[in-house]
Amino acid sequence: MEQQEHDAERAGDGTDVAKLARDVERLLWRATAAERMLAGVLRRMGVDQRQINRVHAAQDLDLAHAAGEANVVHEWLTGESIWGEYEEAMCGRYAIIDAPSDLRARFGTSNPLINFDPNYNAAPTQALPVIRLHPKEGTRHLDLLQWGLVPPWADLANKGLQPTNARAETLLEKPIFTQPFRRGQRCLVPMNLFYEWKKLGNTKQPYAFAAVDRSPFAVAGLWEVKKVSEGEFLRSFTVITGKPNQLVQEVHDRMPIILPESAWATWLGEIPNAMPDSVLKTLPAELMQAWKVDAAVGNVRNNNPGLLDPLP
DNA sequence: CCAGACGTTGTT
DNA sequence: GTCTGG
DNA sequence: CCAGACGTTGTT
DNA sequence: GTCTGG
């Protein structure tokens, strides 16, 4: 939308433009809240999400669309979008190909080795290796956890929130993250590289981002455990994202928070009185390399070393 | 106080 | 569990 | 993150 | 467009 001047407080017919803009904004949020409320009620009644969408359509309750129209009006009146500026992309796919014994050596874990295959296309919902501090033994453990944070109070039947990412900037403000953060349920997520997709008109071009020496990154994460039944627990994790460095910025507006080795102990909680959130900083671009990869990585069923081959 | 939500990204 | 909105 | 699916009745 | 599954 073109930038416009909005110096005039009143239109020619005496309309209070600022008041009109406030009214539009208030109505927009009420409409959005009403839609969410209705959807929430139906969901709790056990109605399938697709049916909920059909109810919205059948009852002309396409309030999201109405909100979009309202925002157009709001932008015209004030020159600003109610939703503000949006940012692009996150961290939703990576590769972890080091053998379990290599990860144990690199991160100094001491629990019995588990077995897992090299994963060239790690995606949300998969069981993936993370490093945690065992609270009683005080030692580091390497375990497989499910990607997508499932808090203990989650309603599994309703498939609630399972965020794959947490924004570093707002980590301590979000109820779903404050609990694991404060309880020291912080972890390192090893990645040999992560993928980001660059939008090019109608197409997308995936890129790989790795350390200069291709050794695994330690990405900051949080983990949770939920009791599913007697003796059965669901352990899960989420990846923390932050601002991109100059290298990643060419492709996307977010990147995972990669911790230098000097920050591992602080993040894991091995150092008393250290401030874990103080280590959540963007890794400098000089420590990373990037290259184009084949679009085949988009399909999670593709999982082979060829996905890492550089494209010209 | 209770009820209800709790996240990310990407789009209008 | 814990925070926000009413 | 992307790929792939996306119904059927009866209806204010 | 929007949701689910991987």
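Note on naming: letters A, B, ... go to the chains in the order of the sequence lines (proteins, then strands), and numbering restarts at 1 for each one. Treat the numbers as computed from the prediction; the structure is a model and nothing was measured.
A search for ring pair (Phe, Tyr, Trp, His ring centres under 6.0 Å) contacts involving A/Phe177 returns nothing, not counting sequence neighbours. Scored by the side chain to side chain contact (heavy atoms under 4.5 Å, CB included) test, A/Ala127 finds A/Leu144 as partners (sequence neighbours excluded). Among residues two or more places apart in sequence or in another chain, the side-chain hydrogen bond (donor to acceptor under 3.5 Å, both in side chains) test is passed with A/Asp143 by A/Asn111, A/Arg132. Qualifying side-chain hydrogen bond (donor to acceptor under 3.5 Å, both in side chains) partners for A/Lys227, counting only residues two or more places apart in sequence or in other chains: A/Glu230. Applying the side-chain hydrogen bond (donor to acceptor under 3.5 Å, both in side chains) test to A/Gln179 and every residue at least two apart in sequence or in another chain returns nothing. Listed by chain and number, the residues in a side-chain hydrogen bond (donor to acceptor under 3.5 Å, both in side chains) with A/Asn115 amount to none (sequence neighbours excluded). Considering only residues two or more places apart in sequence or on other chains, A/Glu173 meets the side chain to side chain contact (heavy atoms under 4.5 Å, CB included) condition with A/Thr170.
Using atom C1' as the reference point in both D/dC1 and B/dT8, the two lie 11 Å apart (nearest Å). For the P atoms, the distance linking E/dT4 with B/dC6 amounts to 16 Å, nearest Å. To the nearest whole angstrom, the two C1' atoms, one in D/dT12 and one in B/dC2, are 34 Å apart. Separation of the C1' atoms belonging to B/dT9 and E/dT2 is 14 Å when rounded to the nearest angstrom.
A donor and an acceptor atom, one from each side chain of A/Arg93 and A/Asn121, are located under 3.5 Å apart.
As a whole-Å value, the separation of A/Phe177 CZ from B/dA5 P is 18 Å. Between A/Glu196 atom CD and B/dT9 atom P the separation is 10 Å, expressed in whole Å. Atom NZ in A/Lys174 sits about 10 Å away from atom P in B/dT9, given to the nearest Å. The distance between atom CG of A/Asp294 and atom P of D/dA3, rounded to the nearest whole Å, is 11 Å. The CH2 atom of A/Trp147 sits 12 Å away from the C1' atom of D/dC2 (whole-angstrom rounding). What separates CZ of A/Arg301 from C1' of D/dA5 is a distance of 12 Å, to the nearest Å. A straight line from CG of A/Leu307 to P of D/dC2 spans 15 Å, rounded to a whole angstrom. At whole-Å resolution of the value, CG in A/Asp155 and C1' in B/dG4 are 14 Å apart.
Nucleic acid contact class of A/Thr241 (heavy atoms, under 4.0 Å, all strands): sugar-phosphate only.
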Would you be so kind as to tabulate the donor-acceptor pairs closer than 3.5 Å made by side chains of residues 182-190 of chain A, with sequence neighbours excluded?
unit_1   : atom_1 : unit_2   : atom_2 : d
A/Gln185 : NE2    : A/Trp223 : O      : 3.0
A/Gln185 : NE2    : A/Glu224 : OE1    : 3.2
A/Arg186 : NE     : A/Trp267 : O      : 2.6
A/Arg186 : NH1    : A/Phe181 : O      : 2.8

Scan the side chains in residues 305-312 of chain A for donor-acceptor partners under 3.5 Å anywhere in the protein, sequence neighbours excluded, and list what turns up.
none

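Using bins of under 30°, 30° to 60° and over 60° for the plane-to-plane angle, the ring pair A/His141/A/His134 lands in the tilted bin.
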Tabulate protein N/O versus nucleotide N/O from nucleotides 2-6 of chain C, keeping only pairs under 3.5 Å, one per line.
unit_1 : atom_1 : unit_2   : atom_2 : d
C/dT2  : OP1    : A/Gln179 : OE1    : 3.3
C/dC3  : OP1    : A/Arg182 : NH1    : 3.0
C/dC3  : OP1    : A/Arg182 : NH2    : 3.1

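Of the residues in residues 116-126 of chain A, A/Ala123, A/Pro124, A/Thr125 come within less than 4.0 Å of DNA chain E through at least one heavy atom, sorted by number.
Remark: aromatic rings of A/Phe209 and A/Trp291 are distant, center separation not under 6.0 Å.
Remark: A/Arg254 is in phosphate contact with B/dT9, judged by side-chain N or O atoms under 4.0 Å from OP1 or OP2. Residue A/Lys199 places at least one side-chain N or O closer than 4.0 Å to OP1 or OP2 of B/dT11.
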Watson-Crick and G-U pairing of DNA chain B, under 3.5 Å, as dot-bracket with | and [ ]
||||||......
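Checking B/dT9, D/dA3, D/dC1 against the side-chain heavy atoms of A/Arg93 singles out D/dC1 as nearest.
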